[in-house]
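Data block below; observations after.
A, B, ... follow the sequence lines: proteins, then strands. Residue 1 opens every chain.
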Amino acid sequence: MSDTAQKNSYLHEKVEAKWREIWHDKSLNTLDMETVRKPFYNLMMFPYPSAEGLHVGNMYAFTGTDIYGRYKRMQGYDVFEPIGLDGFGIHSENYALKVGTHPLEQAKRSEENFYRQLHMIGCMYDWKRTVQTYDPDYYRWTQWLFVQMFRHGLAYRSKAEVNWCPADKTVLADEQVIDGKCERCGNLVEKKALEQWFFRITAYAGKLLENISSLKWSEKVLIAQRNWIGKKEGINITYPVVDEKGKRIGEITCFTTRPDTNFGATFVVLAPEHPFISQIQAVIKKDQAAVVGRYVEKTKKASHEDRIARGRKKTGVATGLYCVNQLTGYKMPLYVTDFVVMEFGTGAVVGVPGHDMRDFEFAEVMKIPVQRVVVGADGDTSPITKPEQVQEDEGKMINSGFLDGIDIKRSIGLMMDHLEKKGWGKRVTMYHLRDWLISRQRYWGPPIPMIHCVLCEKNGKGERHDMPGWYAVLEKDLPVELPNIKDYKPGDDGIAPLAKHKEFYETICPGCGSKAVRETDVSDTFLDSSWYFLRYPSVNSKTADTQPFDPKITKNWLPVTMYTGGAEHSVLHLMYSRFVWMCLRDWGYFDFSAKGGPASGWEEPFPEFYAHGLVIKDGAKMSKSKGNVVNPDEYIKLYGTDALRMYLMFMGPFSDGGDFRDSAMEGMSRWVGRIWRMATISLEPGTHSKDSDKCIKAIHKLVKKVGEDTESRHYNTALAAMMEFTNLVADENGTLSPELLKTFLLVLAPYAPHLTEELWSRLKAADSRREASGQLWSIHQQAWPGYDKHYLVEDTVTVVIQVNGKLRDSMQIDIESVSSQEKVEAKARLSEKVQKFLGESKIRKVIFVRGKVINFVI
RNA sequence: GGCGUGGUGGCGGAAUGGUAGACGCGCAGGUCUCAAAAACCUGUGAAGAUAACACUUCGUGAGAGUUCGAGUCUCUCCCACGCCACCA
């Protein structure tokens, strides 16, 4: 390489490393959290450190968030951009198991590698305030949160049928079961009855739903949250249960949203898990009880998957008992069936086979009579014998006593009134949302900070009267540290690894002082991440050792100004965080009164959330099982961080993600080289650039365009505009004056932080007149440039000439004449092409759009 | 089955109802070079037409509609993807 070439080529590796070091040494991105005036909390979802290290999907998300943060900083905000590691949990533990390294050891390795990479990608992270969920300093407060939940009655224990993954040997939350398979490993999930800790998130279902309308989130995510909460207004109808002779046995309550069709109810079905079944086993005939028992057993063994896979082919068994439909006096046979799930409603469903497809299918199998009570738009009033006749959505009532002739939608309310008046039913609101299952029979998580005392339980004593024998670990004794044990592998018996360690679980009862045992389950990873955003601003604060988050700092910095992350967390993480926030608020841990009412967002942790797109590779989401994970390291080495950042952002709008193909990287790398050459030549002592009018106009336009596009995260078009600008410069002088170069570097700075910092320092060195800028030495401390509207106006405007809406010609119009239809029309008529198309025809109408179009309609 | 998102050149993608394909990749040709790489320059939706330019027609998943004018708005259909799902 010649001297000139050496001088003119951009040595990205050297330059980028140099500035990273300087930024770090000078703590450029660390704020004084207590004194800032315009706080802007720019939060991105923290990664869980998988072992391959950071992949370009992570980098994509972080870069897109960082560009926004850098832009906001240049607009004068005090931007706090933290990063950390969500390193506890099944995902990290499974990897440790796979490679045979102890999770504690593996966490250290992953942390080192991850932070190395996170340094490389050039984001403005505050490296003095990181959070690792597996640090005792952090999970001490996760445990504290659990204790608060317990004290406020929101944590409880329940023996429940839980999702059990036989491969991961752990309990899974409903949300972690996908198509009956384990979210992590893909194995079929089984049902298992275990004592588990739950958080009563359903207590907040109404509030969680209500607040959704106040959130500035993408519509897609809001809909997902609404669906997940799944509010349903309905009625619980209680039916007397009788045997064949009419003797009363008990009662069954069914939830329904469609009581209007109740005159047509001809059977009742129970979920196999329904508690009523064990009650009646002794009452009903022996042979029938045996049949029911076998059916229940069979269902229990079947996985969730099997239960659905059997599809819509209905099965079930009769109990020999009847529910009395008090509207009609009809004795509805009572069945047990697996198409009814215990988790929703009351686990018992009243069957209206004429107007519900599942009920119809069941009635067909069981040969139950079908009664028509709705006439649809087709006017068919004949008996319902075919599935096509099952009208579910619309129509008028028939064969329904006082409802006859009334539209079904109105009938719902009328029937509810009637049932309530008679005392047969009660209106209820049901939610699809279930309580949050917190316990994990695993090793790699924060031990649940609870103590159980058998003696106290016997005596009915405990911290909470409804949970005798249970005590929370005293706050001064937190954290309950996760011990370093060798046998950390989960057992296949559902017993947690810590349950095999006496030295861990043997303790003293805080109530009576006798021997007691600690809880040996650990908590769900989603608990770790449900409050991390509260910790970040308070890391290293004066109160960091005595409080989970500093009240003063929290008041100033929360709620999070802008939250950015993947839409895949639409329901889980975002819902749990909202719940935890609401709890802390209700317990009095926040004071945002100065920030105004609910409309200003203080009822919510993330008033604004931006869902970025996903990077895919070869048409599929990056995952290690597909083997298409791309590590950014090699690309950073080859092309530099800035080129990779910009390449990722150039793939498409930030909301869309994109397909990673390394071939297109070359183009971005070339452009970086062109910028470098343009800038360094411009700064050479002998160069005295005078900018052309075109360039001056273009830079003003560029400032406007890049500002708008950055604000809306259309980074791809912002970059395209900058490329157009450099193309224009190349067509003109090929160089820029220091003034214009400065402006160009400023708008490029959020995108290419290293390159622009280097050129900025050279620009300052070259321009001796500029006074030393003291504290504001970095380009990233500068203000976003302004633009002059005066320069945005063109001297001439291209106006298109159309004939009957078809493009025929175009012309240049002076800016003075552009508003005059008369002048524009006159000029347009002179066009030969237009004359050709106009011919002898009579012009019926002329459409004139200022500065755009003149259209002759003939 | 429900909810949602999207279909534009060879590819990624641009287009307040007003010049479709900006910008980039790829490809082709050229400059430089003994040669190559790199870099730079020119061209690049399809078809027709021309010595060459000019030019003409078609073209945003399919079909209809609204409009002077539709990638953009409305309806019907097809396809792809994402999430949820025997939720009563």
Residue list, side-chain contact (heavy atoms from CB on, under 4.5 Å) with A/Ala265, at least two apart or on another chain: A/Asn262, A/Asn325, A/Met332, A/Val350, A/Val352
Touch class at under 4.0 angstrom, heavy-atom based, for A/Asn855 against every strand present: base
Span that lies between the P atom of B/rG30 and that of B/rA35, in whole angstrom: 13 Å
RNA chain B contacts among residues 724-734 of chain A, heavy-atom distance under 4.0 Å: A/Glu724, A/Asn727
Proximity to RNA chain B (any heavy atom under 4.0 Å), residues of residues 261-269 of chain A only: none
Selection from B/rC68, B/rA85, B/rG13 that lies nearest to any side-chain heavy atom of A/Val857: B/rC68
N/O-N/O pairs, protein side and nucleotides 56-58 of chain B side, under 3.5 Å:
{"unit_1": "B/rU57", "atom_1": "OP2", "unit_2": "A/Arg808", "atom_2": "NH1", "d": "3.3"}

Nearest-Å distance once atom C1' is located in both B/rG6 and B/rG24: 22 Å
Parallel, tilted or perpendicular: rings of A/Tyr715 and A/Phe654 (30°, 60°): tilted
Ring geometry between A/Tyr576 and A/Trp436 (parallel below 30°, tilted from 30 to 60°, perpendicular above 60°): parallel
Proximity to RNA chain B (any heavy atom under 4.0 Å), residues of residues 707-723 of chain A only: A/Asn716, A/Thr717, A/Ala720, A/Met723
Residues A/Gln391 and A/Arg372: side-chain donor-acceptor under 3.5 angstrom: no
Sugar-phosphate only, base, or nothing, as touched by A/Ile847 at under 4.0 Å among non-hydrogen atoms: base
Counterpart residues, side-chain contact (heavy atoms from CB on, under 4.5 Å), relative to A/Asn733 (two or more places apart): A/Thr735
Pairwise C1' distance for B/rA15 and B/rC23, with rounding to whole Å: 12 Å
Scan nucleotides 4-12 of chain B against the protein and return all N/O pairs shorter than 3.5 Å with their distances rounded to 0.1 Å.
{"unit_1": "B/rG12", "atom_1": "O2'", "unit_2": "A/Met651", "atom_2": "O", "d": "2.8"}

Atom C1', compared across B/rG65 and B/rA70: separation rounded to whole Å: 11 Å
Inter-nucleotide P distance (B/rU8, B/rU60), Å rounded: 11 Å
Those residues that, when tested against A/Glu233, pass side-chain contact (heavy atoms from CB on, under 4.5 Å) (two or more places apart): A/Lys231, A/Thr429
Validation: residues 844-858 of chain A side-chain donor-acceptor distances under 3.5 Å, sequence neighbours left out:
{"unit_1": "A/Arg850", "atom_1": "NE", "unit_2": "A/Ser819", "atom_2": "OG", "d": "2.6"}
{"unit_1": "A/Asn855", "atom_1": "OD1", "unit_2": "A/Asn804", "atom_2": "N", "d": "3.4"}
{"unit_1": "A/Asn855", "atom_1": "OD1", "unit_2": "A/Gly805", "atom_2": "N", "d": "3.0"}

Heavy-atom pair with the smallest gap, counting every atom of A/Met45 and A/His573: CE-CD2, 3.9 Å
B/S/- contact track for nucleotides 26-32 of chain B, protein heavy atom under 4.0 Å: S------
Qualifying residues under ring pair (Phe, Tyr, Trp, His ring centres under 6.0 Å), relative to A/Tyr639, sequence neighbours excluded: none
Donor/acceptor link under 3.5 angstrom from A/Gln802 side chain onto base of B/rG18: yes
Sugar-phosphate, base or nothing in reach of A/Thr256, heavy atoms under 4.0 Å: sugar-phosphate
Side-chain donor-acceptor contact under 3.5 Å, A/Thr253 with A/Tyr239: no
C1' atoms of B/rC11 and B/rA64, separation to the nearest Å: 32 Å
Ring centroid separation A/Phe362 to A/Tyr335 under 6.0 Å: yes
Pairwise P distance, B/rG10 and B/rA47 [rounded to whole Å]: 10 Å
Each stem that RNA chain B is part of, given as range with range (3 or more consecutive Watson-Crick or G-U pairs, under 3.5 Å): B:1-7 with B:78-84, B:10-12 with B:23-25, B:26-31 with B:39-44, B:45-48 with B:55-58, B:61-65 with B:73-77
Pairwise P distance for B/rA20 and B/rG45, with rounding to whole Å: 14 Å
Residue closer to the 5' end of RNA chain B, A/Arg844 versus A/Ala348 (nearest nucleotide): A/Arg844
Side-chain donor-acceptor pair present, A/Thr238, A/Trp424, cut-off under 3.5 Å: no
Any A/Lys845 side-chain N or O less than 4.0 Å from OP1/OP2 of B/rC68: yes
Most 5' of A/Arg674 and A/Ala664 on RNA chain B, judged by nearest nucleotide: A/Ala664
